Amino acid sequence: MNPNTVQKAYKLMEEEGFVVTDGNKPSTLRVTPDIRSAIETQLTRDLVLEFIRQAKQNNLTYQKTIRLLSELWED
């Protein structure tokens, strides 16, 4: 992995508040309720987008997909 890429990613995580560096102490990962919610939202979004991509790839229509979801949701 390119060291510059790692350094940039680390800097972005510090700017977003995911990583906290305090002087000479080791960096710590900070997960606030807002950060946790943002991560969960993004993971859910990515999961749904992948599902949609696969449904389209299998030629499922929107209506059929919604019907199947509704039918199987209670299982």
Side-chain angles (χ1 to χ4, degrees):
M1 186 175 287
N2 184 323
N4 292 331
T5 303
V6 173
Q7 183 179 15
K8 184 177 179 181
Y10 191 84
K11 181 177 171 67
L12 288 172
M13 288 190 299
E14 281 185 314
E15 289 172 2
E16 292 292 323
F18 296 127
V19 174
V20 178
T21 304
D22 186 19
N24 291 332
K25 294 180 184 176
S27 297
T28 56
L29 182 62
R30 187 181 89 190
V31 181
T32 64
D34 287 342
I35 292 172
R36 182 181 198 78
S37 177
I39 292 169
E40 287 173 349
T41 298
Q42 186 61 49
L43 289 174
T44 301
R45 182 176 176 78
D46 290 347
L47 180 66
V48 171
L49 286 172
E50 177 59 20
F51 171 79
I52 291 169
R53 185 191 67 73
Q54 288 183 16
K56 287 179 177 180
Q57 187 175 0
N58 287 296
N59 297 318
L60 291 175
T61 65
Y62 173 79
Q63 291 80 13
K64 184 170 185 174
T65 302
I66 294 302
R67 196 169 43 251
L68 284 168
L69 279 172
S70 297
E71 179 183 314
L72 298 173
W73 188 261
E74 298 302 320
D75 288 347

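Predicted model only: the values in this text are computed from it and were never measured.
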If you measure from [atom1] on [X] to [atom2] on [Y], what distance do you get to the nearest 0.5 Å?
{"X": "K56", "Y": "N58", "atom1": "NZ", "atom2": "CG", "answer": "13.0 Å"}
{"X": "L68", "Y": "W73", "atom1": "CG", "atom2": "CH2", "answer": "13.5 Å"}
{"X": "E15", "Y": "K11", "atom1": "CD", "atom2": "NZ", "answer": "5.0 Å"}
{"X": "D46", "Y": "R53", "atom1": "CG", "atom2": "CZ", "answer": "12.5 Å"}
{"X": "T44", "Y": "I39", "atom1": "OG1", "atom2": "CD1", "answer": "11.5 Å"}
{"X": "R45", "Y": "E50", "atom1": "CZ", "atom2": "CD", "answer": "13.5 Å"}

Where the side chain of N2 meets the backbone of N4, is there a donor-acceptor pair that is under 3.5 Å apart?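 Looks like yes, one N/O pair under 3.5 Å.
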Donor-acceptor pair, side chain of S37 and main chain of P33, under 3.5 angstrom: no
Begin with the C-alpha distance, continue with both residues' side-chain angles, and end with the deciding distance and a verdict on salt bridge (charged side-chain N to carboxylate O under 4.0 Å, His left out) for E40 and R36. CA-CA 6 Å; E40 287 173 349; R36 182 181 198 78; 3.6 Å; yes
Check whether any side-chain heavy atom of V31 lies under 4.5 Å from a side-chain heavy atom of L29, and answer yes or no.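 With C-beta onward as the side chain, the pair touches.
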T65 vs F51 side-chain heavy atoms within contact, under 4.5 Å: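 Sidechains of F51 and T65: in contact.
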How close do M1 and V6 get, heavy atom to heavy atom, and via which atoms? SD-CG2, 3.2 Å
Can you see which heavy atom on I35 is nearest to which on G17, and at what distance? CD1-O, 3.7 Å
Going by the side chain to side chain contact (heavy atoms under 4.5 Å, CB included) test, name the single residue among E14, K8, Q7 that passes it with Y10.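 Only one of E14, K8, Q7 forms a side chain to side chain contact (heavy atoms under 4.5 Å, CB included) with Y10, namely E14.
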